Amino acid sequence: MSTPATLRATGIVVALASEARALTSRTTQPERITVLAGGSALCLSGMGLSAARRAAQMLVEAGAPALAVFGVAGALSPNLRNGTLFCPERVLDEEGHQRDTDPAWRASLRKQLTLPVRTEGALLSVAAPLLTGMAKTTAHQRCGALAVDMESAAVAAVAAEHGLPFLVLRAIVDESDDAIPEALNGSVDAWGRPRTLNLIAALGRHPSLWGELPRLYSRMQKATQALRAVTAAAGPSLGWHR
């Protein structure tokens with residue numbers, strides 16, 4: 001666990017274990033702060049708005065002077081393809097609240113990255129995953145957001161409450177017309193780790209799911225490769241400087 005004296009740079013909320021591995025080789029534990037190089041730190045929150053809010057609060061209490069969300073997201077716009085980096089201008093929630101990300105930080109990060117990154121538009125945070133192309137199309141038409149996640153709005157709210165700079169950096173996993181089988185979605189825990197018995201049972205009940213696994217694996221690999229490129233270019237602070 002870090003202390004305010006140790007945590008001098010970006011506090012990063014990461015929902016999934018695979019996302020954390022794209023940011024650091026250090027061992028991370030759920031709902032714990034892991035201190036990174038240069039005084040940054042991450043908190044492995046697990047999926048969802050409530051989990052992300054708790055993680056953001058932990059980072060603030062540990063002294064984080066800036067907050068970020070790092071990881072993967074789903075595309076709502078057909079113009080965002082698998083592996084695309086997205087650093088949105090603003091974050092929306094399902095109640096219509098809108099919060100802007102820090103423009104200077106966003107511009108600084110973009111200059112440091114070696115891969116193209118989209119830095120305009122909005123990201124929508126939802127309480128439950130959008131698993132079908134129809135659900136994603138409906139969300140895109142309703143609010144105009146380009147991508148969707150389940151954490152950023154909660155972290156944005158905490159940053160606003162404490163007057164802290166805020167940034168989101170996401171890599172696209174599923175595209176706007178991709179469907180994620182419900183049976184497979186239910187076979188991972190809150191941190192994206194396989195529930196082995198659930199997965200075996202799902203594959204036994206639905207043998208056609210075997211054909212989905214290589215596609216989903218390939219999508220995630222491409223997204224996490226993009227995230228690793230961000231870490232290599234911008235460091236664990238994600239380009240933030242006091």
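Just so you know, these numbers come straight off a predicted model, no measurement behind them.
In this structure a side-chain-to-backbone donor-acceptor pair under 3.5 Å is present from Glu19 to Val72. Side chain of Ser77 to backbone of Asn79: a donor-acceptor contact under 3.5 angstrom is found. Of the possible polar contacts, none joining the Thr101 side chain to the Leu167 backbone as a donor-acceptor pair under 3.5 Å is found. When atom types are taken as modelled, the side chain of Asp93 and the backbone of Gln98 share no donor-acceptor pair closer than 3.5 angstrom. Side chain of Asn82 to main chain of Val173: a donor-acceptor pair is present (N/O by atom type, distance under 3.5 Å, no hydrogens or angles). Of the possible polar contacts, none joining the Trp240 side chain to the Ser40 backbone as a donor-acceptor pair under 3.5 Å is found. Between the side chain of Thr24 and the main chain of Ala20, no donor-acceptor pair closer than 3.5 Å is present. Glu151 places no side-chain N or O within donor-acceptor distance of the main-chain N or O of Ala15, the cut-off being under 3.5 Å. Distance alone, capped at 3.5 Å, places no donor-acceptor pair between the Ser176 side chain and the Ala75 backbone. Judged by distance alone, with hydrogens and angles left aside, the side-chain atoms of Thr138 form a donor-acceptor pair with the main-chain N or O of Met134 at under 3.5 Å.
If you chain together hydrophobic residues whose side chains sit under 4.5 Å apart, Trp105 and Leu42 fall into the same group. Cluster annotation: Leu124 is not connected to Leu49 through the hydrophobic network of ILVMFWY side chains, with a link wherever side-chain heavy atoms come within less than 4.5 Å.
Leu76 CG to Asp174 CG: the interatomic distance, rounded to the nearest 0.5 Å, is 9.0 Å. Remark: Cys43 SG to Gln57 CD distance equals 11.5 Å, nearest 0.5 Å. For the atom pair Arg219 CZ and Asp178 CG, the distance stands at 4.0 Å (nearest 0.5 Å). Taking CG of Leu238 as the reference point, atom OG1 of Thr10 lies at 6.0 Å (rounded to 0.5 Å). Taking CG of Leu146 as the start and CZ of Phe86 as the end, the distance is 4.5 Å to the nearest 0.5 Å. Note that the OG1 atom of Thr137 and the CG atom of Leu130 stand 10.0 Å from one another [nearest 0.5 Å].
Across Thr28 and Thr34, no two heavy atoms sit closer than the pair CG2-OG1, 3.6 Å. Of all heavy-atom pairs between Met47 and Ala51, the closest is O-CB, 3.8 Å. Val148 and Ala73 get closest at one heavy-atom pair: O-CB, 3.3 Å. When all heavy atoms of Cys87 and Leu109 are compared, the pair lying nearest together is SG-CD2, 4.2 Å. Considering all non-hydrogen atoms of both residues, Leu115 and Ala229 come closest at CD1-CB, 3.6 Å. Listed here is the closest heavy atom pair of Ile33 and Ala62: CD1-CB, 3.8 Å.
Two residues are said to be in side-chain contact when any heavy atoms from C-beta on lie closer than 4.5 Å; Pro129 and Ile180 fail this criterion. Side-chain contact between Phe166 and Val158: absent, with no pair of heavy atoms (C-beta onward) separated by less than 4.5 Å. Considering only heavy atoms from C-beta on, Leu67 comes within 4.5 Å of Val60 through its side chain. The side-chain heavy atoms of Leu23 and Leu227, taken from C-beta on, include no pair separated by under 4.5 Å. Side chains of Thr27 and Gln29 form a contact here, defined as non-hydrogen atoms less than 4.5 Å apart. In this structure, the side chains of Leu16 and Met220 come closer than 4.5 Å at one or more pairs of heavy atoms. Side chains of Met150 and Val126 form a contact here, defined as non-hydrogen atoms less than 4.5 Å apart.
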Practice task
May I have the step-by-step check of side chain to side chain contact (heavy atoms under 4.5 Å, CB included) for Arg170 and Val69, ending in yes or no?
Solution key: CA-CA 8 Å; Arg170 293 294 198 182; Val69 180; 3.3 Å; yes
Problem - Step-by-step salt bridge (charged side-chain N to carboxylate O under 4.0 Å, His left out) determination, Arg106 to Glu120 - result: CA-CA 10 Å; Arg106 197 170 62 249; Glu120 79 288 347; over 6 Å; no
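Of the charged side-chain nitrogens involved, none lies within less than 4.0 Å of a carboxylate oxygen, so that Arg99 and Glu161 do not count as a salt-bridged pair.
Between the side chains of Gln112 and Ser108, at least one donor N or O lies within less than 3.5 Å of an accepting N or O. Checking Ser125 against Asp149 by side-chain atom types alone, a donor-acceptor pair falls below 3.5 Å.
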